[in-house]
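Written below as structure tokens is the structure these notes are about.
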Amino acid sequence: MAIDTGATAWILASTALVMLMTPAVGFFYGGLVRRKNLISMITLSFVAFALVSIQWVLVGYSLAFGNDPANSLNGFIGNLQYMGLNNVGMDPGAYSKDIPGLLFMVFQLVFATVTMAIVTSGFAERIKFSAYLVFALLWTTIVYDPLAHWVWGGGWAAQFGALDFAGGTVVHISSGFAALALALVIGKRVGFGKYSMEPNNIPLTILGAALLWFGWFGFNAGSALGANGLAAQAFVTTNTAAAAGAIAWLLVSWMYGKPSSLGLVSGAIAGLVAITPAAGYVTPMAAILIGAIGGVICYGILLFRMKKGLDESLDAWAIHGMGGLWGALATGIFAVAAVNGASGLLEGNVHQFVANAAGAFAAVIYAFVVTYILAVIVDKTIGLRVTEEEEYVGLDISQHGERC
Amino acid sequence: MAIDTGATAWILASTALVMLMTPAVGFFYGGLVRRKNLISMITLSFVAFALVSIQWVLVGYSLAFGNDPANSLNGFIGNLQYMGLNNVGMDPGAYSKDIPGLLFMVFQLVFATVTMAIVTSGFAERIKFSAYLVFALLWTTIVYDPLAHWVWGGGWAAQFGALDFAGGTVVHISSGFAALALALVIGKRVGFGKYSMEPNNIPLTILGAALLWFGWFGFNAGSALGANGLAAQAFVTTNTAAAAGAIAWLLVSWMYGKPSSLGLVSGAIAGLVAITPAAGYVTPMAAILIGAIGGVICYGILLFRMKKGLDESLDAWAIHGMGGLWGALATGIFAVAAVNGASGLLEGNVHQFVANAAGAFAAVIYAFVVTYILAVIVDKTIGLRVTEEEEYVGLDISQHGERC
Amino acid sequence: MAIDTGATAWILASTALVMLMTPAVGFFYGGLVRRKNLISMITLSFVAFALVSIQWVLVGYSLAFGNDPANSLNGFIGNLQYMGLNNVGMDPGAYSKDIPGLLFMVFQLVFATVTMAIVTSGFAERIKFSAYLVFALLWTTIVYDPLAHWVWGGGWAAQFGALDFAGGTVVHISSGFAALALALVIGKRVGFGKYSMEPNNIPLTILGAALLWFGWFGFNAGSALGANGLAAQAFVTTNTAAAAGAIAWLLVSWMYGKPSSLGLVSGAIAGLVAITPAAGYVTPMAAILIGAIGGVICYGILLFRMKKGLDESLDAWAIHGMGGLWGALATGIFAVAAVNGASGLLEGNVHQFVANAAGAFAAVIYAFVVTYILAVIVDKTIGLRVTEEEEYVGLDISQHGERC
Amino acid sequence: MKMVKAIIKPERFEFVKKALEEKGFNGMTITDVKGRGEQKGITLEYRGGQMIVDLLPKIQLEIVVRDSDVDMLITALTDSARTGKIGDGKIFVIPVEKSIRIRTGETET
Amino acid sequence: MKMVKAIIKPERFEFVKKALEEKGFNGMTITDVKGRGEQKGITLEYRGGQMIVDLLPKIQLEIVVRDSDVDMLITALTDSARTGKIGDGKIFVIPVEKSIRIRTGETET
Amino acid sequence: MKMVKAIIKPERFEFVKKALEEKGFNGMTITDVKGRGEQKGITLEYRGGQMIVDLLPKIQLEIVVRDSDVDMLITALTDSARTGKIGDGKIFVIPVEKSIRIRTGETET
Ligand SMILES: Nc1ncnc2c1ncn2[C@@H]1O[C@H](COP(=O)(O)OP(=O)(O)O)[C@@H](O)[C@H]1O
Ligand SMILES: Nc1ncnc2c1ncn2[C@@H]1O[C@H](COP(=O)(O)OP(=O)(O)O)[C@@H](O)[C@H]1O
Ligand SMILES: Nc1ncnc2c1ncn2[C@@H]1O[C@H](COP(=O)(O)OP(=O)(O)O)[C@@H](O)[C@H]1O
């Protein structure tokens, strides 16, 4: 096996693109919170990047991509063969015949970091910083790493045939439902529902969205692991679904009010999430449907969340969680053999739909339940939430001693 | 024909780079308007991206790059052979022997979107959002797609031998003169010329400019459609002309006032626009001249526009329109055979200069006239402009229900 | 020698990535100064990019990478063989067997520009703009170009065997110690130490940091000059050291106060600086150490600087200068033959450590002394510093006639 | 006439505005301010130490009314702005000698 | 002495400043405020429904002058700030008992 | 009661705050304003020409105190805010008829 320099060039670039998504999540979220928590929100994402970067090279990569241990954890999590990047080198590796093993590793790393960043939606404006550090390490190890193993590391979902091109299940379902669990455990922000908490900086949120869309090309088209027709296919479906999601959300929300810029960018993210698992399996025309339906579904879920008075207000659950769920099902529906050899429901392959549904719902349950338990444990021991005074003055000052 | 993975890697990356230019135009413009229209301005670009992305995969690409129909539209516009991306696939295509056909398609897509975004200069701070959506769909279909066909899709300008390496005519002349026509049809902002309307966020504009410069490497060097010497050549001429334009504008404007940051970045954009058609045909030393003269010309046109009291105040016309015109002529002057086989006026090839001038002036007239007509039609039917009250409170609130 | 399209694709992308670092330095610094100097600070970086871009294609590249002249300057500076990019073409060149010579040239160009931008820390909020233009041209020619020649252009340091993978010495030591010299010559800001001068826009600084981290992948992994295992190795060590630096600074500074976002991003930059010379020579596990120690050292130096009342307040010296010094030594310590053929102290190669220390200290002295002299000359002739009134109203208004 | 100047918590502003509207007080001028009262702000525990956060963001309303309306206005303000916690704010009443409507030149005293 | 407090449209500010300068009024303190008058802001038609935009941005000038200058100042202000449309703003005159120049300690009453 | 309104240089604010605290003045409301005095701002030389920068940023403190405390407060303010240079700022004293604590309804006159 020799390295293909073109493939390597594209995955190097893709990794850089995906890396940018983690701070982009911070900017996206940061613009949505109140000004007194802006720095906090951006910092949570930035810290996620640093922390998971270290965890991943030490153990995370091995847990996700190591061989299945010959014990009861078989199919559930990898062994420690790659601990400290042992046996991960400059030559092609087990998962990458065209690119260096180290490059595959770091490409996966940036997926793990952005997932952690998305999760921070769940405790926005009320998390204790020290508790966050502990929780993040636990979560990425106990929730993310096994999920990645199931789907991409040769675990049970892969064996079962669930398709997840670029991480709809591993990244989006897991982070979205984790955010939901967290929001339930940590409780509403003081005053939520009583007075309005307007976004402090919508242009910053749009900047975050633009960088997310930009980075997503690395995320999805990079997941082809080559510079080839499949990468181009995934690139096109990604862009198309994002555009369709943006427009769908814009139009649907227009019926209930003004066509807002936040609706537009939320729709784009919804479209991007929905196409993620499907990007390399469907046609661009199907991508229009997947994206547009994704936009409409996520908008509906958002309305539902607001009606229920649920304070998961940056909507990781509505957009990433439910959008990811839709995407997983849509992959099972719209996959066509002509694109990448796999057929979905529309080509009569019921098994594919079932496999994808099973994988997705297992992830929903695992992510929700385990996150819930972890959150309760951290809450009972260190305490997840800041004091009421700290929340009142804001996390920027109370947690970081900074103002903006 | 087999895919070259290196070329594919570079065009994948280039497409992502160019994609970023569309929101970058939004940030550039957004910083220049009044605070009450900041979100609106960014949103216009973002919507342009979404809308044109869908239009392009449905019909735009085919109109631009389809074969000439055997009727009176021959040479003017492509047929519908690629509608819905029919026949555009993962293998190399008619326009791309080294990269997947789909990749060529999406690389062209991001050019179409950024062109639409540039046009929004013409009705800044006074456009009705619903009218914009309709206008944008019409404009990209009726103005952009034919122009792209003329120059790149085998239309008459290509047959006539006009050189346009990366879109000086198709992107910049067309958008710049369209903005001029729009500004004339929609009329001045209330109070224009009576009281000052200062930029609300210069750092945001500089951020936009930085991202534009960054993305322009994909725009110009990507237009080599390969990872080769020509791409490197275009990369170098691009950067050099941008730098020369920035410094030229800075110095010339210094004679009339302070050396402003806006002058600096405007000069950079002017240089980038000017080199766009020439990037793959001229030497780096010629690029210094092209960029510097571009900076000076555009600055002069801007002064002229201000003196005339013309409210095309984000200066798409002065910079993109006139800079693009200069670039088209400059390509006909400075092209040297040693770079890419084509000689310009300085190497005695009068025909090249004539062809380029003809192509450019045809585009000027077509873009201006057709845009003018479209604008009048939309104005008479839906109404282009918001009410005076809406303009007074700002488009952010009146069109999008948002504040920043 | 034929071009490798994969390598070319990656270096094209890397050059674009590194280009973005220059404005990123502007945003990073801009957020840290007072609001009245925000535009000025960003503009200094932007101008650095434009100015050095022209200088480099005219003479800088030749001075740095031209052959050694057969006179007393032998080993010190290159000749003028590449003046005006003479003999630098689309084919592979003397320094680049896989990529076009022009591409190597422009990849080096973006290093020269970012170095100049880093230097602007030294006279933040008090430099006269006209003096800056003159100084910048002198500095890049007389300080940067020779240093680049020593280390990369076949000069004495290269001959002596000093390792500098991506520019720890040439870029970071030189700019950091130049900033120190400048701060000493130009003197403290009025009121420094008497009243607090708080950062005006921390999110902007974090944005700058995010873009720097992003661009640094091009900086370090691009320095492999190929799309290969070494690039992947450098990519991984870079990311790992950055993360380790960020966390180390966060934790150490927590002992003395709150864990601030500025500490986090400063630590990341410190880690990135420290790994720069080592990126292609060490293992990821060593990168954790190099980054973490880098974070701690730079934090300590920053405290020291503050205690001494030294107004080099954007800390180019503490982070780039001292971080670069640590990185140069660390390369001499941690290099392992298995990665890239070179052994450091830990593998018993004392010579490597000595060579690296010699190269680094020579650069420290050269950069500091020559910058000091240049600064004094410019100060005595044109005057480096604005008047007290200009400083009071801020450089945005007084130098650029702009407000934000 | 009097200028009633109220400094309130930002999160109460919506309630206050509504309460005033109901009583027919429409005209008002709003300023973002920072303030602290006698308590000198909020004290946070912090790794053993303490940290005082003062100068918290507040919203200042200035409302010019006839003398006869002052008491009703004050009642409406206190009722709607009160949370019962520290930092609820202050109201100051300042004499106004004259008020002119720019559009019409109309003057009231 | 009196403090003349004028709340005007931002777009009139340049004219007002110039008009005041001409009359020799140099000292002033400017604040960005938001406000609404009796009309409760601007009503926009909106897909059948209506939307009221109140609390529009205004600029507030505070100018302290001798009693004898008040009338001249008010005339200068109203003349330069007036557009004749809703939202032109208000002027309030407030008594000032004392004014101190910090630099010199000079006091006027 | 009086409202003492001081417009000072931003860079003196920390000193002023500290000086007031020492004298027991805790309550205050702070606003970011811009201002110019009789000197009409700062004049910069500029390539032969001149440029006047007026409306420089200032910080405005409003402090309501009992009549008997006014003089002490003014002394504390002038002493701590003074640099001796142009632009040091101004203090205005305005009568306050009533002051109400929202939390408790407590009224002082
Ligand atoms: N003496 C005063 N002068 C001016 N403003 C005051 C005074 N006292 C209080 N304020 C304003 O009222 C706000 C609320 O005061 P208060 O309820 O006493 O706050 P705290 O919770 O800090 O005691 C302060 O933030 C300040 O803006
Ligand atoms: N009674 C009042 N008290 C305080 N400020 C007022 C009052 N009435 C008007 N203002 C201020 O004057 C501004 C202009 O008032 P006006 O011209 O009546 O505006 P509008 O067009 O809303 O009626 C308002 O935005 C507000 O800031
Ligand atoms: N007559 C006035 N009315 C209102 N505010 C004033 C007046 N004169 C001065 N000020 C305020 O006091 C500040 C400082 O004034 P001063 O020290 O005279 O400044 P300058 O240096 O411009 O003369 C001004 O910026 C302004 O905010």
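Convention: sequence-line order gives letters A, B, ...; per-chain numbering from 1. Just so you know, these numbers come straight off a predicted model, no measurement behind them.
Only the side chain of E/Ile74 has a heavy atom closer than 4.5 Å to any heavy atom of chain D. Interface remark: E/Lys85 contributes backbone atoms only to the contact with chain D (heavy atom separation under 4.5 Å). Neither the backbone nor the side chain of D/Thr107 has a heavy atom closer than 4.5 Å to any heavy atom of chain E. Using a 4.5 Å cut-off between heavy atoms, D/Glu62 touches chain E through its side chain atoms alone. Heavy atoms closer than 4.5 Å to chain E are found in both the backbone and the side chain of D/Val96. Contact annotation for D/Met3: only side-chain heavy atoms (C-beta onward) come within less than 4.5 Å of a heavy atom of chain E. Heavy atoms of E/Leu55 lying under 4.5 Å from chain D belong exclusively to its side chain.
Counting heavy atoms from C-beta on, the side chains of D/Thr29 and E/Lys34 never come closer than 4.5 Å.
With D/Lys98 as the fixed residue, the side-chain contact (heavy atoms from CB on, under 4.5 Å) test singles out one of E/Ile94, E/Asp71, E/Val4: E/Asp71. Exactly one residue among E/Asp88, E/Ile7, E/Leu77 makes a side-chain contact (heavy atoms from CB on, under 4.5 Å) with D/Ile102. That residue is E/Asp88.
Rounding to the nearest 0.5 angstrom, the gap separating the OG1 atom in E/Thr75 from the CD1 atom in D/Ile100 is 9.0 Å. Considering CZ of E/Phe92 and CD of D/Glu108, their distance stands at 9.5 Å, rounded to 0.5 Å.
Between E/Asp54 and D/Lys17 there is a salt bridge, since at least one side-chain N of the basic residue sits less than 4.0 Å from a carboxylate O of the acidic one.
The minimum heavy-atom distance between E/Pro95 and D/Glu97, with the atom names listed, is CB-OE2, 3.3 Å.
A donor-acceptor pair is defined here as one N or O able to donate and one able to accept, closer than 3.5 Å; no such pair exists between the side chain of D/Arg101 and the backbone of E/Lys90. Side chain of E/Arg36 to main chain of D/Met28: no donor-acceptor pair is present (N/O by atom type, distance under 3.5 Å, no hydrogens or angles).
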